[in-house]
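Just follow the structure's listing: the first ligand is 1, and inside any ligand the first atom is 1.
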Amino acid sequence: MSVELQERPESKAETEEQLTDGFHLLIDALKLNGLNTIYGVPGIPITDFGRLAQASGMRVLSFRHEQHAGNAAAIAGYLTKMPGLCLTVSAPGFLNGLTALANATTNCFPMILLSGSSEREIVDLQQGDYEEMDQLAIAKPLCKAAFRVLHAEDIGIAVARAIRAAVSGRPGGVYLDLPAKLFGQVMNADAGAKSLVKVIDPAPEQLPSQASVKRALDVIKSAKKPLIILGKGAAYAQADDVVKSFVEKSGIPFLPMSMAKGLLPDMHQQNAGAARSLVLKESDVVIMVGARLNWLLSHGKGKSWGEPGSKRFVQIDIEPREMDSNVEIAAPLVGDIGSCLGELLTAMGDQFPAAPDGWISAVNTKREANTAKMNQRLGSDTTPMDFHTALGALREIMQQRPDAMLVNEGANTLDFARSIINMSKPRKRLDVGTWGIMGIGMGAAVAAAVETGHPVLAVEGDSAFGFSGMEVETICRYNLPVCIVVFNNNGIYRGTDENNNGDGDVAPTVFVKNSRYDKMMEAFGGVGVYATTRDELTTAVNEAMDTGKPTLINAVIDENAGTESGRIGNLNPQSVVKK
Ligand code: ADP
Ligand code: TZD
Ligand code: MG
């Protein structure tokens, strides 16, 4: 009897105790840190997590394939400076998301891949659990940091660590491993709330040393033919005013890397993009601002850079190990773009010597000549359209709609669009980035629409589009203002390759001729347009951008128009042995 009496008040207390669990703690931890959007694909063990997150007011966007959800998360990170979230199921879903995580890390975009995983005890003994895989070990070499959470009370600290790892220093991808059992773990709600961490100042300013500022300024002042190269790190930094002040106060010509286009308007008179070969070859001091001297800049050496030893580099980067990665850096400036350029501006004072006249006029002359040549080609109105006809039309549209977001992938479709379509505002151009990866298109388009609310124009090679094409259903489902233009030239680079071996197969680069990608969009209730002329293309894009309706325009492009590998044919080994 006495035992019974003692037990009763205890069990009453138990029923009154407010509880929380792993599901809710994770949602609360993310929301506490302002992370309110999840891109993912549901399934065991995270289905209920997605439902509960949505019920809690988070935006949960389901994709058809994790890679595209991951690409969306990466672009969300690039646009917001806070990690984009990608949610995947264990093993196969995790692996599908991993390409995006690795790509984000390579591009210095902050994202967190949250993946459900199977039970540690079974995985570690390799006893064949449902979707068994040692995900943490596999993720580690492909991202900036990887953590596993085994206890509900650690969720708060794990999310905090993941956020800091993603956005501090050089941004990148972070993996958070969430075993199925974690979600159902129950704990006292008050203790749970106390276990959450709101990250204070996740990406603190990083000031350069005064000595490095002085050294950089001395090098810049000594230049006769200075050049500034702006990279996507500078766009990411959101220090737009400081970048503009530095460029304009110095009067130095600048060259924007692909995704840095629009950081200063492409029409800016110091933009040396149209005189690229000249400025790379002739410059004597090159100021790198958030751009790496990787393959995209021929590693800072070789023929395109002129005489060996003719250059000195100033490099501004948040990652100290980037310095001297390919060539000697005469003046490394380690810190965030805003702080470094701010310090340089202060040190420049009011009496900063203007960039030498002869250099500026040589650059201007070259730029004007090349621009005039290009403008002539852009007026072209061929049917079937070639790249200049179709992109001439899109260039005009983008000029009239400076707030629109541009997504771009393909080979010729990418290279021509990059040089033809001017950008007027920062972080509007999203493309294949450091790896030249195909398949970012629809994920980037979804994130661009969701994160900015502006209309999105996705300019896609027909091959490039195919990598993420099924996500047109996602775009229709969420009714996003995305207009996709598929540059349909019947294949990879061009549609004219032939197979002569007699087996009846087409060549490896050729697709079904005259495909109707527009019908894919119609299948999900979007608008499909088949465009063969410049006028038809212009009308259809304008209508899509005005109405905001999900639209796919199949733009018929002359199958002879492209070249192998677009502008990077030099990287493409070709056999000289004919058999
Ligand atoms: P691009 O492809 O446009 O040339 P990269 O991706 O090669 O640009 O280079 C971007 C660089 O910017 C990286 O080296 C990265 O460390 C750096 N970076 C990123 N964010 C910042 C920042 N806030 N401040 C300074 N450097 C940054
Ligand atoms: N797979 C992945 C993931 N990334 C890649 N970059 C490639 C394959 C190889 N590749 C390119 O580099 S461009 C490209 C492929 C398949 C497609 C080019 O064809 P397209 O563009 O139709 O998209 P154009 O306009 O016909 O040149
Ligand atoms: Mg093509």
Contact check: N412 vs ligand 2, nitrogen or oxygen atoms, below 3.5 angstrom: yes
Could you check atom 23 (N) of ligand 1 against the protein and tell me its nearest heavy-atom contact, residue, atom and distance included? A237 CB, 3.6 Å
Just by modelled atom types, is the N408 backbone N or O under 3.5 Å from a matching donor or acceptor in the D431 side chain? no
Does any N/O atom on G436 come nearer than 3.5 Å to any N/O atom on ligand 2? yes
For atom 21 (O) of ligand 2, the closest protein heavy atom turns out to be A411 N, 3.2 Å
Distance filter under 4.0 Å to G231 heavy atoms, resulting ligand 1 atoms: 3 (O)
Just wondering, are more than 12 heavy atoms of other shown residues or ligands nearer than 6.0 Å to CZ in R516? yes
Shortest non-hydrogen pair, A72 vs Y39, comes out as CB-CD2, 3.6 Å
Main-chain N/O of L95 paired with Q67 side-chain donor or acceptor, under 3.5 Å: no
Classify the side-chain pair R429/S258 by whether it contains a donor and acceptor separated by less than 3.5 Å. yes
Run the contact test for F387 against ligand 2 with a 4.0 Å cut-off on heavy atoms, strictly below, and give the result. yes
Contact check: S463 vs ligand 2, nitrogen or oxygen atoms, below 3.5 angstrom: yes
So the atoms of ligand 1 within less than 4.0 Å of a heavy atom of G290 turn out to be 8 (O), 9 (O), 10 (C), 11 (C), 12 (O)
Examine I437 against ligand 2 and note whether any of their N/O atoms are separated by less than 3.5 Å. no
Name the closest protein heavy atom to atom 22 (C) of ligand 1, giving the residue it belongs to and the distance to 0.1 Å. I337 CG1, 3.8 Å
Considering non-hydrogen atoms of the protein only, which is the closest contact for atom 8 (C) of ligand 2, and what is the distance? F467 CZ, 4.0 Å
Does some side-chain heavy atom of L264 sit less than 4.5 Å from a side-chain heavy atom of N271? no
Write out the residue and atom name of the closest protein heavy atom to atom 12 (O) of ligand 1, then the distance separating them to 0.1 Å. G233 CA, 3.3 Å
In terms of residue, atom name and distance, what is the protein heavy atom nearest to atom 22 (O) of ligand 2? D462 OD1, 2.5 Å
Return a yes/no value for I318: is any of its N or O atoms, backbone included, closer than 3.5 angstrom to an N or O of ligand 1? yes
With a cutoff of 4.0 Å, is G495 in contact with ligand 2, counting heavy atoms of the residue only? no
Nearest-neighbour protein heavy atom for atom 20 (N) of ligand 1, which is reported as residue plus atom name and distance: Y236 CD2, 3.6 Å
Any heavy atom of G335 closer to ligand 1 than 4.0 angstrom? yes
Taking only heavy atoms of A464 into account, list the atoms of ligand 2 that are under 4.0 Å away from them. 23 (O)
At a threshold of 2.8 Å, where the distance has to be below it, does the Mg ion (ligand 3) have an N, O or S atom of G491 nearby? yes
Polar contact flag, side-chain donor to acceptor under 3.5 angstrom, T383-T533: no
Heavy-atom contact check, 4.0 Å cutoff: does Y493 meet ligand 2? yes
Give a yes/no on ligand 2: does F416 have at least one heavy atom closer than 4.0 angstrom to it? no
Nearest protein heavy atom with distance in Å, relative to atom 25 (O) of ligand 2: T413 OG1, 2.6 Å
Top protein contact for atom 5 (C) of ligand 2, by heavy-atom distance: M438 CG, 3.6 Å
Per-atom contact, atom 18 (C) of ligand 2, protein heavy atoms, under 4.0 angstrom: yes
Just so I know, are the side chains of R292 and T434 near enough to count as touching, which here means a heavy-atom distance under 4.5 Å? yes
among protein heavy atoms, the one nearest atom 5 (P) of ligand 1 is R292 NE, 3.4 Å
Could you tell me whether any N, O or S atom belonging to N412 is less than 2.8 Å from the Mg ion (ligand 3)? no
Side chains of N554 and N488, donor plus acceptor under 3.5 Å: yes
To which protein heavy atom is atom 4 (O) of ligand 1 closest, and what is the distance rounded to 0.1 Å? M257 CG, 3.3 Å
Any luck finding a side-chain donor-acceptor pair between D386 and T389 under 3.5 Å? yes
Taking both backbone and side-chain atoms of D336, is any N or O found less than 3.5 Å from an N or O belonging to ligand 1? no
Let's go through K425 and D240 carefully: what are the C-alpha distance in whole Å and the side-chain angles of both, what is the deciding distance for salt bridge (Lys or Arg N to Asp or Glu O under 4.0 Å) to 0.1 Å, and is it a yes or a no? CA-CA 10 Å; K425 294 194 175 180; D240 307 340; over 6 Å; no
Does G410 reach ligand 2 with a nitrogen or oxygen that is under 3.5 Å from one of the ligand's nitrogen or oxygen atoms? no
Top protein contact for atom 3 (O) of ligand 1, by heavy-atom distance: K232 N, 2.7 Å
What is the closest protein heavy atom to atom 26 (O) of ligand 2, and at what distance does it sit? N489 ND2, 2.9 Å
Protein contact to atom 13 (C) of ligand 1 [nearest heavy atom, distance to 0.1 Å]: D317 OD2, 3.3 Å
